[in-house]
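A short write-up of the structure that comes next.
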Amino acid sequence: MVDPAFASLAVLLLMVIFGAAALAKLRDLAVFRGVVEQYDLLPHALVTPFAYALPVVELAAALGLVLPATRAPAAIVLILLLLAFAAAMAINLMRGRSDIDCGCFIGVQRQRISWTLVLRNLVLAGFGLTLLADGTGRALTALDWLTIAAAAASLLLLYEAIGRLFGLAPAAARRAG
């Protein structure tokens, strides 16, 4: 059983991250297409359709978290995306290709792929999994909502800090650490 405060935190966190990521990609689809191509995982003919469809799917899934009736399917989509992103990064890291932009927030910040970002995506997938579990059914109080807001702000700041510390670090420093 998952406490509804934790589930609400997961909803808020995933909505903000995926909503912001989708909007950033939609603002510069040509650059995002280039990032998709750099991963070198899709046949050339699928790069453009994938690059144009992915941000729409991300945004739809983020918005799908709002309503309880669409929350579980939206969470499943986001979990699958996060696992696919982690796998794509891991494949390229094992190929020795760490200077690829992760493609998360095109035009907002460049984040080089790293094992830390793979782990970050797996942790976010874990947050998504909590949305598939049964809740306790207890009503949220004003203190719960204050706690959710504070926890979401803290986790989003941590998410940003991890991205900056590990995704933006020079390649030589990341290899040494």
Side-chain angles (χ1 to χ4, degrees), residues 9-62 65 74-131 151-177:
L9 171 62
V11 165
L12 186 58
L13 188 66
L14 292 171
M15 279 180 55
V16 169
I17 290 170
F18 274 92
L23 292 175
K25 290 172 186 140
L26 287 169
R27 277 193 295 268
D28 204 343
L29 285 169
V31 171
F32 181 59
R33 186 207 170 283
V35 169
V36 171
E37 190 170 36
Q38 284 183 346
Y39 273 87
D40 196 25
L41 295 172
L42 295 174
H44 183 71
L46 294 180
V47 169
T48 299
F50 179 84
Y52 282 46
L54 179 63
V56 174
V57 171
E58 287 179 328
L59 187 58
L65 294 175
I76 290 169
V77 168
L78 293 177
I79 291 164
L80 292 174
L81 287 175
L82 286 161
L83 294 176
F85 298 159
M89 288 181 199
I91 289 167
N92 276 282
L93 289 167
M94 289 186 286
R95 290 176 177 171
R97 303 177 71 226
S98 62
D99 262 357
I100 299 171
D101 182 359
C102 78
C104 304
F105 297 98
I106 297 298
V108 177
Q109 78 179 30
R110 176 170 158 67
Q111 291 180 293
R112 292 180 189 99
I113 62 172
S114 67
W115 290 108
T116 303
L117 295 182
V118 172
L119 178 61
R120 177 198 69 183
N121 284 349
L122 296 176
V123 168
L124 288 173
F127 273 94
L129 284 172
T130 66
L131 300 178
S154 298
L155 288 172
L156 288 169
L157 286 172
L158 179 62
Y159 178 90
E160 177 66 17
I162 288 170
R164 290 194 182 272
L165 286 172
F166 294 99
L168 301 175
R174 284 184 286 113
R175 280 192 293 274

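None of these values were measured; they are calculated from a predicted model.
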dist Leu131:CG -> Leu9:CG (nearest 0.5 Å) comes out at 9.5 Å
When every non-hydrogen atom of Gly19 is compared with those of Ala62, the smallest separation belongs to N-CB, 3.9 Å
CG of Leu124 to CG of Leu119, rounded to nearest 0.5 Å, is 9.5 Å
Value for SG (Cys102) from CZ (Phe85), rounded to nearest 0.5 Å, stands at 9.5 Å
Interatomic distance, CZ@Arg27 vs CZ@Phe32, rounded to 0.5 Å, equals 13.5 Å
- prompt: Taking C-beta and beyond as the side chain, do Ile17 and Cys104 meet within less than 4.5 Å on heavy atoms?
  reply: no
Note: Pro55 and Ala22 closest approach over all heavy atoms is O-CB, 3.3 Å
(message) Between Asp101 and Gln111 (side chain of the first, backbone of the second, donor and acceptor by atom type, cut-off under 3.5 Å), is there such a pair?
(response) yes
Are side-chain heavy atoms of Lys25 and Val35 found at a separation under 4.5 Å?
-> no
Ala51 and Val36 have their tightest heavy-atom pair at CB-CG2, 4.0 Å
Smallest heavy-atom separation, Met89 atom then Val118 atom, equals CB-CG2, 3.6 Å
dist Leu82:CG -> Glu58:CD (nearest 0.5 Å) comes out at 9.0 Å
Test item: Asn92 side-chain N/O and Tyr39 main-chain N/O as donor-acceptor pair under 3.5 Å:
yes
Taking every heavy atom of Ile100 against every heavy atom of Gln38, the minimum-distance pair comes out as CD1-O, 3.7 Å
(request) Please assess Leu26 against Val56 for the test side chain to side chain contact (heavy atoms under 4.5 Å, CB included), listing each intermediate value before the final yes or no. (result) CA-CA 8 Å; Leu26 287 169; Val56 174; 4.3 Å; yes
Here the gap from Leu78 atom CG to Leu83 atom CG, rounded to the nearest 0.5 Å, amounts to 11.0 Å
Between Thr130 and Ala10 the two heavy atoms that sit nearest each other are OG1-CB, 3.6 Å
